[in-house]
Peer 1: 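Let me begin by handing over the structure; questions about it come next.
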Amino acid sequence: MVRLKSRYLLCEVCVSDRSNLLLLDDRAIYTATKAAVARAHGDYGAALSSLGFSVKYLNAHTGIVFLRCRKSHYRLIWSALPFIASLENRGQRVPCFLNCLHVGGTIRTCQKYLVRYNTQQLHRMLPFCQSEAERSEIRKSLLSCTLKKEADDVDEEEDD
Amino acid sequence: MAVFMDLNITYTTDKKRLRSVIETAAHLGYSTVAINYVVDLQQKKQEIGKPKCVLELFDTFPIVQGKSRPIKVLNRLTVVASDPSHFRPNAEYKAYDLVAVYPKTEKLFHAACMTFDVDIICVAVTEKQPFFFKRSPVNGAIERGVFFEISYTPAIRDSTMRRYTIANAISLTETCKGKNLIVTSGAERPLELRGPYDIANLGLLFGLSEEDGKAAISTNCRAVHLHGETRKTALGIVHTMKKDQPLTERQEEEHVPASKRAKLETVDS
């Protein structure tokens, strides 16, 4: 069987103030990306990005986004991502930038990478704990989160 | 092993902002950054000062994403030259790890490529390039191991600048065929930095192939860093450094015989 292959861009939304992340939603990222592609590549880019382009997943707590696009022209869309300087939602502008972490052929490989990446983040953040009590509390909350779904686990890890 | 480097972070007197830029760079996975001091000698009363000590910035340097070692911070001097007298190598240049020149005229560009003792030649990104890149000086620069720099921050800020950046970058890559090119940020604020993989892919717009795009932020930057290092040494072969003389007690001399040996060290590069 032949299927349409796509590429998934796993991106991280970097903002200066993390509380602003909760303002984001799928729609804001979708429109911002499309506008950026249209600005960088004109009508041709806009036409290509309208094919099979979607925001598959957004985690507003950790600022992780999955973008899906066709395999044949994902580099064109990717090259426009650095030109996004702010996202707009309900009249509020959030200055930010997208940092691409991983490019994968399936959601599954991206998810695997994300789990590894978040573990790495946890190890980076743990030394910043103020006291031993805080550290043990984080450890406890990590262990207490049930492993019903892997995705839940991922969410929990970065809410330091 | 490709470590990513960003050899242009604009110096600001605001220490807190500079610190947050470097922290963001470490978060994005850059192993080395260079703080850029720009000197425009056309304006009067511009002095090349000593660079600020990088150790003053942080107590502990932030750890690089995905690595276990702290970020390395270099100092870089950019001389904006519109007259041949502006570029005078003297003792002040030696305090910097890297030296760059931003030639404004074709004559100076030729001189920068062929004779100036620099590591980096900046390419205009905020205005239309006033001259063509000729094959002979560019080839001369490639032969000498001097690198050309394109910074992408103006392209992010403004649409007109983006056109200039892309146009100048493409006219350069047509001449140098993607070799000896580095892409740097030139960021003043933390939100103007971009991730290394995004920049490698941005090379697509600058007319670079996938491989050259990645080299432009990793291996080429390493070559620039080593080139800067060789300026402090004798042709990169012999490197002298001062060692603390051991105290006169004989006991200590017995413990540390190594320090009595020749104070010459070969640089392995």
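Just so you know, these numbers come straight off a predicted model, no measurement behind them. The basis for the numbers below is simple: all heavy atoms, side chains too, and nothing from hydrogens, waters or symmetry mates.
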Peer 1: Can you tell me how far apart OG (A:S79) and CG (B:L205) are? Round to the nearest 0.5 Å.
Peer 2: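 Atom-to-atom, A:S79:OG and B:L205:CG are 4.5 Å apart.
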Peer 1: Check A:P82 against B:L202 and note the closest heavy-atom contact, atom names and distance.
Peer 2: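 Scanning both residues, the minimum pair turns out to be CG-CD1, 4.0 Å.
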Peer 1: Flag yes if more than 12 heavy atoms outside B:R17 fall under 6.0 Å of its CZ atom; otherwise flag no.
Peer 2: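 More than 12 within 6.0 Å, yes.
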Peer 1: Where does A:C96 contact chain B at under 4.5 Å (heavy atoms): side chain, backbone, both or neither?
Peer 2: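 Answer is backbone: N, CA, C or O of A:C96 sit under 4.5 Å from chain B.
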Peer 1: Measuring from atom CZ of A:R75 to atom CD of B:E210, what distance do you get when rounded to the nearest 0.5 angstrom?
Peer 2: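 Nearest 0.5 Å value for the CZ-CD distance: 4.0 Å.
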Peer 1: For A:R27, is the CZ atom crowded, meaning more than 12 foreign heavy atoms sit under 6.0 Å from it?
Peer 2: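 Not buried by this count: 12 neighbours or fewer within 6.0 Å.
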Peer 1: Find the distance between NE2 (B:H27) and CD (A:E12) and round it off to the nearest 0.5 Å.
Peer 2: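 Taking NE2 in B:H27 and CD in A:E12, the distance rounds to 3.5 Å.
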Peer 1: Give, for atom CD1 of A:I77 and atom CG of B:N201, the distance between the pair rounded to the nearest 0.5 Å.
Peer 2: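 Atom-to-atom, A:I77:CD1 and B:N201:CG are 11.0 Å apart.
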Peer 1: Crowded around A:K34 NZ? As in, over 12 foreign heavy atoms under 6.0 Å?
Peer 2: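 Enclosed.
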Peer 1: Which residues in residues 181-200 of chain B have any heavy atom lying under 4.5 Å from a heavy atom of chain A?
Peer 2: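 Those residues of residues 181-200 of chain B which have a heavy atom under 4.5 Å from chain A are B:P190, B:L191, B:L193, B:R194, B:G195, B:Y197, B:D198.
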Peer 1: Looking at every non-hydrogen atom in both residues, tell me the closest pair between A:N99 and B:L28 and how far apart they are.
Peer 2: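 Closest approach of A:N99 to B:L28, heavy atoms only: ND2-CD2, 3.1 Å.
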Peer 1: Checking heavy atoms, do the side chain of B:T24, its backbone, both or neither come under 4.5 Å from chain A?
Peer 2: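 Only the side chain of B:T24 comes within 4.5 Å of chain A.
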Peer 1: Where on A:I84 is there a heavy atom nearer than 4.5 Å to chain B: the side chain, the backbone, both, or neither?
Peer 2: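 Backbone only.
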Peer 1: Got a sec: does the CD of B:E143 have more than 12 other heavy atoms crowding it under 6.0 Å?
Peer 2: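 No, CD of B:E143 has 12 or fewer neighbouring heavy atoms, counting only those of other groups under 6.0 Å.
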